[in-house]
Amino acid sequence: MRILFMGTPYLAAETLRAVHEKDGVTVVGAVTRPDKPKGRGMKLIPSPVKEYALANGIPVFQPKTLRDGAFRETLEALDPELIVVAAYGNILPPYVLDYPKYGCVNAHGSLLPEYRGAAPIERAIMDGKTVTGITAMYMDEGLDTGDMIARYPCPIEDTDDGGTLTEKLAKLAGQAMCDVIDAIAAGTVSRTPQPGEGSTYAAKITPEDQRADFSKPARVVFNQIRALNPSPSAETVMPDGSALKLTEAYPCEDGNPEGALPGTVLETVGKGAGRILVACGEGAVAVTGVIPSGKKRMSAGDFVRGRKIAPGDVLGVKPGEDPGHSEQ
RNA sequence: CGCGGGGUAGAGCAGUCUGGUAGCUCGUCGGGCUCAUAACCCGGAGGUCAUGUGGUUCAAAUCCCUUCCCCGCAA
């Protein structure tokens, strides 16, 4: 089967790998977003999909848009029978949707109709969900609104973070697309419209989403920190005004018995992996991993040993700002 | 040439402004205390201070210059 793949980040690259390694499949091309035009020192950063494709001899296409005629010519030249999409980042216009005889299928990182959109994995963890998954679906002109083919549940463990869950879902996405290809080849594929009710939208992560809000319960702060690890990470502000990313933590429901002001550092431990206990609206979070501004990812113990933080410091409040107005 | 931080012992840092004995918190090794310990006490090892047989100086981790590398932000 002649397949054209479209996708961009890690999850998409793993999906491409699964499809590419599948018997009876010819990947005629990989469409991915253009290399990021800048980076530190003007570096170009190719997408994971592009890297995989180049390493495996798959032609790479990086159109700025699918809407103009330039891509239509490419599409006709590649002449795919099926288009497989995973986290490509663009809506497909009708002429693309209609071209392949077997249609366009997508692997989405949630159990639709929940978490349609750009950041379903992170949003599911942030919301404290215990189950998410991959939905294999046909694409239409809407945002993740097409008919479903199959859903693959995946539990979210307390030990999961954005990185581990993405890895798990990436494997499922690969499996899902291989199953879909088999079903299409066998003529047994089925499609079910999404329920009209229960849909939610998982907007992309904004800087505001990254800002740790210690006024929330410990569990919420914990969910936020792990959802955004390893990238882009939850972030707070040190008493000196510098940024501090929080990469690892665990909740201590009874860690703030005296009801200290949210953001207050209650305890620092510099032995071993160490930890930094920070008061929350309810309970406290024990931060165990951080990235100081201009520094590498390090354990809380290393950070404490460097004497950058001490009990009594208040996080999340810029110097001169009233701690009572931590909202907004 | 987008903005900024940094390269000092195995780890994280201080010291650099105001040149003049290489320090701190840990880890590690040895000893002690203890019923015992990741706790406490004592002692030791471990660093050409990223690079340049660079410049200035009586003297450079520190001031000036070179090159390389790392990281955060922004996209």
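Within every chain, numbering begins at 1; the chains are lettered A, B, ... in the order of the sequence lines, protein sequences first and strands thereafter.
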How would you list, by chain and number, every residue that makes a salt bridge (Lys or Arg N to Asp or Glu O under 4.0 Å) with A/D68, sequence neighbours excluded?
-> none

Between [atom2] of [N] and [atom1] of [X], the distance in whole Å:
| X | N | atom1 | atom2 | result |
| --- | --- | --- | --- | --- |
| A/R297 | B/G5 | CZ | C1' | 18 Å |
| A/E235 | B/C71 | CD | P | 18 Å |
| A/D240 | B/G5 | CG | C1' | 12 Å |
| A/N229 | B/G72 | CG | P | 13 Å |

Pull out every protein N or O sitting under 3.5 Å from an N or O of nucleotides 37-44 of chain B, one pair per line with the distance.
from: B/A39; atom 1: OP1; to: A/K271; atom 2: NZ; distance (Å): 3.3

Using the [atom1] atom on both, measure [N] against [M] and round to a whole Å.
| N | M | atom1 | answer |
| --- | --- | --- | --- |
| B/C24 | B/C71 | C1' | 24 Å |
| B/G6 | B/G12 | P | 15 Å |
| B/C64 | B/C70 | P | 25 Å |
| B/C49 | B/G44 | C1' | 23 Å |
| B/U16 | B/A36 | C1' | 47 Å |

Ignoring hydrogens and geometry, is there a side-chain-to-backbone donor-acceptor pair from [X] to [Y] under 3.5 Å?
| X | Y | result |
| --- | --- | --- |
| A/D213 | A/S215 | yes |
| A/R151 | A/S110 | no |
| A/T8 | A/T32 | no |

Side chains of A/Y99 and A/D79: is there a donor and an acceptor less than 3.5 Å apart?
-> yes

Write down the partner of [N] under the Watson-Crick or G-U wobble criteria, each distance required to be under 3.5 Å.
| N | value |
| --- | --- |
| B/G72 | B/C3 |
| B/U51 | none |
| B/A39 | none |

Using the 3.5 Å cut-off, write out each protein N or O paired with an N or O of nucleotides 8-13 of chain B and the distance between them.
from: B/A11; atom 1: O2'; to: A/D302; atom 2: OD1; distance (Å): 3.1
from: B/A11; atom 1: O2'; to: A/D302; atom 2: OD2; distance (Å): 3.0
from: B/G12; atom 1: O2'; to: A/D302; atom 2: O; distance (Å): 2.5
from: B/G12; atom 1: N2; to: A/R305; atom 2: O; distance (Å): 3.0
from: B/C13; atom 1: O2'; to: A/G306; atom 2: O; distance (Å): 3.2

Walking RNA chain B from its 5' end, the first of A/G270 and A/I291 to be reached, judged by nearest nucleotide, is A/G270

Ring center gap for A/H20 and A/Y52 short of 6.0 angstrom | yes

Does the distance from a Lys or Arg side-chain N to an Asp or Glu carboxylate O, for A/D160 and A/R226, drop under 4.0 Å?
-> no

Identify whether the distance between the nearest side-chain nitrogen and carboxylate oxygen of A/K129 and A/E114 falls below 4.0 Å.
-> yes

Intermediate values then yes/no, side chain to side chain contact (heavy atoms under 4.5 Å, CB included), A/I225 and A/E248 | CA-CA 7 Å; A/I225 290 173; A/E248 293 172 54; 5.8 Å; no

